[in-house]
Amino acid sequence: ITYTAPMICELIRQHNTVSKDACPCDACKGADATWISWDGTTAFENGKHYRLAADVQLTGMITIPKGTTVVLDLNGKTITAAADSRCFEVSGELSIINSTADTDADGNYTGLITGGVAATNDTDNVLRGGNINIEKGTSSSAPGGTLKLYGGTIANGQAANAGGNVKVGKFAKFYMYGGSIVDGTA
């Protein structure tokens, strides 16, 4: 199945009880549905849909800032973390999908986020969140980041203390509607 931006937003809204009018993406605002090819080097813009056209080797950690909402289609491709770095630091909202099957005919994962190594937390020097760190908030009225996993695989992350693949901070949110999280070590 080939997913279009409005189809993805409908899938996301089904889980989030968000009306079409409240969705931040261009497709739901009546603009043309546009998938932006992402190569791992450009910053994400709020309300946009990004799709991998090829495998991506990151050169540093990608940050989703507070107030930014992004949909990322892995499209059967792989994002590999930079050496000694995690893939994503999420303070805003990141929805991850994989518009292809999550495994190929041989059972190998497709749509993969892999190879992240936890960064040192500035406050207590504890290593947490190998591939993705969902940044903590200060209270329920000032929440942290949000990760929504609809497809793809998060794998092979490493952290010395907690969250080999994904670390969810206090007052942060993680929703897993599909996909897999495998082979992390903490």
Can you list the steps and then say if T80 with V56 is a side-chain contact (heavy atoms from CB on, under 4.5 Å)? CA-CA 6 Å; T80 304; V56 170; over 6 Å; no
Nearest 0.5 Å, please: how far is [atom2] in [Y] from [atom1] in [X]?
{"X": "M61", "Y": "D84", "atom1": "CE", "atom2": "CG", "answer": "13.0 Å"}
{"X": "T78", "Y": "L52", "atom1": "OG1", "atom2": "CG", "answer": "8.5 Å"}
{"X": "D183", "Y": "I154", "atom1": "CG", "atom2": "CD1", "answer": "12.5 Å"}
{"X": "C87", "Y": "I62", "atom1": "SG", "atom2": "CD1", "answer": "9.0 Å"}

Looking only at heavy atoms, which two atoms of [X] and [Y] are closest? And how far apart?
{"X": "V70", "Y": "E45", "result": "CG2-O, 4.0 Å"}
{"X": "A172", "Y": "E135", "result": "CB-O, 3.4 Å"}
{"X": "R86", "Y": "A81", "result": "C-CB, 4.3 Å"}
{"X": "L74", "Y": "G151", "result": "CD1-O, 4.4 Å"}

Whether Y150 and Y177 hold their rings parallel, tilted or perpendicular, with breakpoints at 30° and 60°: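 Answer is parallel, since the angle falls under 30°.
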Joint cluster assignment, F174 & I64, ILVMFWY side-chain distance < 4.5 Å: yes
List the residues meeting side chain to side chain contact (heavy atoms under 4.5 Å, CB included) with K173, not counting sequence neighbours, and say none if there are none. T146, Y175
Which residues satisfy the side chain to side chain contact (heavy atoms under 4.5 Å, CB included) test with A82, sequence neighbours excluded? S85
Suppose clustering is done on Ile, Leu, Val, Met, Phe, Trp and Tyr with side-chain heavy atoms closer than 4.5 Å. Which residues sit in the same group as F171? none
Checking side-chain polar atoms at under 3.5 Å, does T68 have a donor or acceptor matched by the opposite partner on N46?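 Judged by distance alone, the side chains do not pair up.
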Can you list everything that forms a ring pair (Phe, Tyr, Trp, His ring centres under 6.0 Å) with F44? Sequence neighbours excluded, please.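 By the ring pair (Phe, Tyr, Trp, His ring centres under 6.0 Å) rule, F44 matches W38, Y50.
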Do N75 side-chain atoms and A53 backbone N/O form a donor-acceptor pair below 3.5 Å?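 Between the backbone of A53 and the side chain of N75 there is no qualifying donor-acceptor contact (under 3.5 Å).
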Can you check side-chain contact (heavy atoms from CB on, under 4.5 Å) on I96 and L147, steps first, answer last? CA-CA 8 Å; I96 299 171; L147 174 65; 3.7 Å; yes
Would a 4.5 Å heavy-atom cut-off, applied to side chains only, mark I79 and D55 as touching?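 Not touching, per the 4.5 Å side-chain cut-off.
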Measure the shortest side-chain to side-chain distance between T100 and K77 over non-hydrogen atoms and say whether it is less than 4.5 angstrom.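 No. Closest side-chain heavy atoms not under 4.5 Å.
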Just to verify, what does D39 make a side chain to side chain donor-acceptor pair (under 3.5 Å) with, not counting sequence neighbours?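 Applying side chain to side chain donor-acceptor pair (under 3.5 Å) to D39 gives T41.
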Quick one: list whatever passes side chain to side chain donor-acceptor pair (under 3.5 Å) with S141, sequence neighbours left out.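 Testing S141 for side chain to side chain donor-acceptor pair (under 3.5 Å), a comparison that skips the adjacent residues, returns S139.
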Under 3.5 Å, sequence neighbours excluded: what are the donor-acceptor pairs made by side chains of residues 108-115?
unit_1, atom_1, unit_2, atom_2, d
N108, ND2, D104, OD2, 3.4
T110, OG1, A101, O, 2.3
T114, OG1, A155, O, 3.2
T114, OG1, N156, ND2, 3.1

Show your working on side-chain contact (heavy atoms from CB on, under 4.5 Å) between L94 and L72 and close with a plain yes or no. CA-CA 7 Å; L94 175 61; L72 177 62; 4.1 Å; yes
Going through the checks in order, is the side-chain contact (heavy atoms from CB on, under 4.5 Å) test met by E89 and I134? CA-CA 6 Å; E89 180 86 11; I134 309 167; over 6 Å; no
